[in-house]
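Remember, predicted model here, so these are calculated numbers, not experimental data. Just so you know, ligand 1 is whichever comes first in the structure, and atom 1 is the first atom listed for that ligand. Numbers for residues simply follow the sequence, beginning at 1.
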Amino acid sequence: MDQRLPDLMNDTVVNVAQLLKQPVGATRTFDLQVARVPLDDELSAREVRATIRLTRIETGILAHGEVTGVVSLVCVRCLTEFDQPFRANFDGEFRPSVDVRSGEALPIPEDDDELFIIDHNHELDVEPLLRQVILLALPMRPVCGDQCAGFQPTFPADDEEGDERLAVLRTLLGEGQA
Ligand SMILES: [Zn+2]
């Protein structure tokens, strides 16, 4: 019953008209690659790759899969930007907005963050699901890595002072050896 769909490149929309006409349990599998997925006003995911299996269920379509990629985050300790890789498994339910056979509009549950909608052209867009999954996969307090040096203020005055002290020390040592 599983059919392989063409891979999606920089696209997150798949037409599911045929799958909606299939019996419950029928599946379609595809891979996608997207250069950039906007997450919110400031963040976006890059190099996003996912393998997704769509399964026909009683109420619509279940999207199941795994997504990987990177997001530029700011380290909470040293305040520098770094690339945070992510990997997450997900399940998301998509409800059709029209009946695929009759073309009649179907009731859409409102105010349900867990549900995604298949539009009237039977196009299923996985982007809102991926956005939700990726945001949840990111650390609450991102740290750039085990080698993070922590917060290191750099004041030129400090450096000069340090150099002067070193110069004094070198002079003393030099005199000691002479
Ligand atoms: Zn850091």
Tell me, which protein N/O/S atoms are under 2.8 Å away from the Zn ion (ligand 1)?
-> Cys75 SG, Cys78 SG, Cys144 SG, Cys148 SG
Look at Arg95 together with Glu93 and state whether they make a salt bridge at an N to O cut-off of under 4.0 Å.
-> yes
Using 4.0 Å as the upper bound for N to carboxylate O, is an ion pair formed by Asp31 and Arg4?
-> yes
Gap separating the CG atom of Leu73 from the CD atom of Glu42, nearest 0.5 angstrom = 11.0 Å
Is there a donor-acceptor contact under 3.5 Å linking the side chains of Ser72 and Arg46?
-> yes
Check: His122/Asn15 side-chain N/O donor and acceptor closer than 3.5 Å | no
State, yes or no, whether a side-chain contact exists between Glu127 and Val37 at a heavy-atom distance under 4.5 Å.
-> yes
